[in-house]
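All of these numbers come straight from a predicted model, not from anything done at the bench.
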Amino acid sequence: MIKVIIFDLGNVIVKVDKTEQFKSFSVNSDNTVSYIKEYFENSYWRKAFEMGELKPKEFFEKTAKELNLKMDFDNFKKVWCNIFTLNKDIENLIKDLKKRFRLILLSNTDEVHFAYIREKFKIVNAFDEQVLSYKVGHRKPNPLIFLQALKKANTLPFNCVYFDDIPEFIYIARLMGVRAFQYKNFERLVEDLRKVKVLTKSL
């Protein structure tokens with residue numbers, strides 16, 4: 001029986017589009033958009049920031065130096081955060097599920113992003129527990145962050161269902177005994193919730 005529902009944040013609860021972010025960093029650094037994209041995908045400092053190893057100002061300084069960014073910290077934060085929009089269908093679903101289930105947020109995120117999201121999208125405050133990479137010092141797919149979530153769940157893994165858009169993260173969760181499904185769209189999510197008998201009627 002499912003007792004706990006665990007949600008990823010990015011591209012599940014909030015949609016993520018970095019197109020304008022990459023353009024802005026490109027314009028302010030004389031680097032191409034493709035270079036900026038590849039840089040952040042592989043950035044050691046970004047990953048360290050997501051594990052809480054850097055303070056926001058330190059992350060900015062190291063990134064600005066490597067990219068030769070011509071912007072101050074406040075403008076950097078605005079560009080860094082202006083990538084999220086709320087998935088309204090998921091918001092409404094979470095409000096409904098909260099009445100009957102324990103909810104856990106499990107996310108690779110950083111201090112600046114999460115402060116922005118928490119302020120702008122109040123639905124994240126509905127979660128009973130938040131397991132965030134920058135607070136626990138581990139990033140998915142490290143099993144240790146999943147263990148943190150299971151500890152917060154306070155039930156056996158097979159009593160938990162987990163949704164994430166990244167197949168690799170779903171694979172790890174399943175290895176640990178969690179009922180896990182890849183998030184592709186809201187309709188598919190509803191189908192998966194019916195499979196595990198979380199939903200029994202139409203929304």
Quick one: does [X]'s side chain get under 4.5 Å of [Y]'s, heavy atoms only?
X    : Y    : answer
R179 : D192 : no
K65  : E61  : no
F7   : F127 : yes
V4   : N159 : no
Y162 : I104 : no
H113 : I83  : yes
R139 : K47  : yes
L97  : R100 : yes

Quick check on [X]: does its [atom1] atom have over 12 non-hydrogen neighbours (other residues, nucleotides or ligands) under 6.0 Å away?
X    : atom1 : value
E66  : CD    : yes
F73  : CZ    : yes
K78  : NZ    : no
K120 : NZ    : no
K140 : NZ    : yes
E53  : CD    : yes
K3   : NZ    : no

Pairs under 3.5 angstrom only: tabulate donor-acceptor contacts from the side chains of residues 86-94 to other protein residues two or more places apart or in another chain.
residue, atom, partner, partner atom, Å
N87, OD1, D89, N, 3.4
N87, OD1, I90, N, 3.4
N87, ND2, V12, O, 3.2
N87, ND2, Y183, OH, 3.1
K88, NZ, E91, OE1, 3.0
N92, ND2, K88, O, 3.3

How long is the span from the [atom1] atom in [X] to the [atom2] atom in [Y], to the nearest 0.5 Å?
X    : Y    : atom1 : atom2 : value
K55  : F49  : NZ    : CZ    : 9.5 Å
K18  : Q21  : NZ    : CD    : 6.0 Å
N142 : L144 : CG    : CG    : 4.5 Å
Q130 : N125 : CD    : CG    : 6.5 Å
I13  : S107 : CD1   : OG    : 8.5 Å
N108 : F114 : CG    : CZ    : 13.0 Å

Please tell me whether [X] and [Y] are part of a single hydrophobic cluster in this structure, the criterion being side-chain heavy atoms less than 4.5 Å apart.
X    : Y    : result
F169 : L103 : no
L189 : I170 : no
F158 : F181 : no
V124 : V16  : yes
M176 : I2   : no

Quiz item: In terms of ring plane angle, is the pair F59 and F40 parallel, tilted or perpendicular, where the classes change at 30° and 60°?
Solution: tilted
Quiz item: Y39 and F25: aromatic ring centres closer than 6.0 Å?
Solution: no
N/O donor-acceptor pair under 3.5 Å between [X] side chain and [Y] backbone:
X    : Y    : answer
N28  : L69  : no
K122 : E119 : yes
S133 : T109 : yes
E50  : D110 : no
K98  : A126 : yes

Self-check item: Matching residue for F146 among V178, L106, L175 - test: side-chain contact (heavy atoms from CB on, under 4.5 Å)
Solution: L106
Closest approach of [X] to [Y] (non-hydrogen atoms, all atoms of both residues):
X    : Y    : answer
G10  : D165 : O-OD1, 3.3 Å
L150 : C160 : CD2-SG, 4.0 Å
L105 : L9   : CD1-CB, 4.0 Å
P56  : V112 : CB-CG2, 3.6 Å

Exercise. Please identify each residue that fulfils side-chain hydrogen bond (donor to acceptor under 3.5 Å, both in side chains) with K62, with sequence neighbours left out.
Key: none
Self-check item: Test side-chain hydrogen bond (donor to acceptor under 3.5 Å, both in side chains) applied to E129 - qualifying residues, sequence neighbours left out
Solution: R102
Exercise. Measure from NZ or CZ of K77 to the centre of the six-membered ring of F60 and say whether it is under 6.0 Å with the direction within 45° of the ring axis.
Key: no
